[in-house]
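Below: one structure, written as structure tokens.
Since the model is a prediction, treat every value here as computed from it, not as a measurement.
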Amino acid sequence: MFKIERSQIVKQHDPYKIIIGDRYECLLELSVEEDDDLYDEKGVMLRVIFAVEPEKSFIAKYEFLTASDNKFIALEMVEEEEAVVLDYCQQNCQ
């Protein structure tokens with residue numbers, strides 16, 4: 001399990017209208033325990049594409065990245081982590 005320490009949230013223009021409504025790119029700086037598979041000594045970021053449609057909001061895409069060089073980390077969020085990120089994005093993307 002990780003903790004969100006800081007974030008950068010930017011509303012994105014979607015010229016192709018793939019997502020109905022608003023689209024946000026959220027870069028979340030994470031705090032991760034050393035014994036977690038996700039841990040990287042230089043830090044971990046989570047890049048989230050968050051969609052806010054008239055009827056619902058959801059995580060359209062996400063990826064874990066190393067904070068130092070933005071290399072992809074091939075791991076998925078567990079249900080509990082996804083719920084935390086969804087709640088965070090719903091509270092902060094407007």
Side-chain angles (χ1 to χ4, degrees):
M1 184 67 181
F2 54 76
K3 180 179 175 186
I4 300 169
E5 295 293 330
R6 285 183 280 286
S7 66
Q8 293 179 340
I9 299 173
V10 178
K11 187 174 183 179
Q12 299 289 306
H13 177 66
D14 184 6
Y16 302 107
K17 304 294 182 204
I18 295 170
I19 296 174
I20 299 167
D22 295 327
R23 169 182 159 167
Y24 297 87
E25 179 182 60
C26 308
L27 292 174
L28 309 176
E29 184 178 321
L30 306 178
S31 172
V32 181
E33 299 279 332
E34 283 188 44
D35 61 349
D36 193 305
D37 290 341
L38 183 58
Y39 178 78
D40 185 280
E41 64 184 27
K42 296 178 183 173
V44 177
M45 302 289 288
L46 177 61
R47 179 180 173 263
V48 178
I49 301 300
F50 186 71
V52 179
E53 296 183 347
E55 300 293 322
K56 63 182 176 177
S57 58
F58 59 95
I59 297 170
K61 178 185 175 184
Y62 71 86
E63 57 192 4
F64 289 107
L65 305 167
T66 57
S68 60
D69 55 9
N70 291 329
K71 287 187 179 177
F72 177 74
I73 301 172
L75 290 173
E76 293 184 18
M77 285 191 280
V78 296
E79 191 174 314
E80 184 178 293
E81 293 169 334
E82 193 165 345
V84 168
V85 172
L86 180 62
D87 182 59
Y88 186 89
C89 290
Q90 287 172 331
Q91 298 296 319
N92 293 283
C93 295
Q94 300 183 35

* Asked: Is atom CD1 of I20 surrounded by more than 12 heavy atoms (other residues, nucleotides or ligands) closer than 6.0 Å?
  -> no
* Is the side chain of T66 donor-acceptor paired with the backbone N or O of K71 at a distance under 3.5 Å, no angle test? -> yes
* Mind checking whether I59 and V44 sit in one hydrophobic cluster, side chains of I, L, V, M, F, W, Y counted as touching below 4.5 Å? -> yes
* **Euclidean distance, H13 NE2 relative to R23 CZ, rounded to 0.5 Å** => 10.0 Å
* Under the side-chain contact (heavy atoms from CB on, under 4.5 Å) test, which residues partner L27, sequence neighbours left out? -> Q8, M45, R47
* To do: Anything under 30° is parallel, anything over 60° is perpendicular, the rest tilted; go ahead and classify F2 against F64.
  => perpendicular
* **Qualifying side-chain hydrogen bond (donor to acceptor under 3.5 Å, both in side chains) pairs, either residue in residues 26-41, two or more places apart** => R6-E29
* Answer with yes or no whether the hydrophobic clustering places L65 together with M77; edges join I, L, V, M, F, W, Y residues whose side-chain heavy atoms lie under 4.5 Å apart. => no
* Asked: Mind checking whether V48 and I4 sit in one hydrophobic cluster, side chains of I, L, V, M, F, W, Y counted as touching below 4.5 Å?
  -> yes
* Do E81 and L46 come close enough that some side-chain heavy atom pair is under 4.5 Å? -> no
* Output yes when a side-chain donor or acceptor of Y62 lies under 3.5 Å from a complementary backbone atom of V85, and no otherwise. => no
* **Verify same cluster id: I9, F58 (apolar side-chain graph, 4.5 Å)** => no
* Nearest heavy-atom neighbours spanning S57 and L86 -> O-CD1, 4.2 Å
* Can you tell if the side chain of F50 reaches within under 4.5 Å of the side chain of D22, non-hydrogen atoms only? -> no
* To do: Please report the closest heavy-atom contact between L38 and L75, naming both atoms and the distance.
  => CA-CD1, 3.7 Å
* Asked: Going by heavy atoms in the side chains, are E53 and K56 under 4.5 Å from each other?
  -> yes
* By side-chain hydrogen bond (donor to acceptor under 3.5 Å, both in side chains) - contacts of Y88 (at least two apart) -> S7
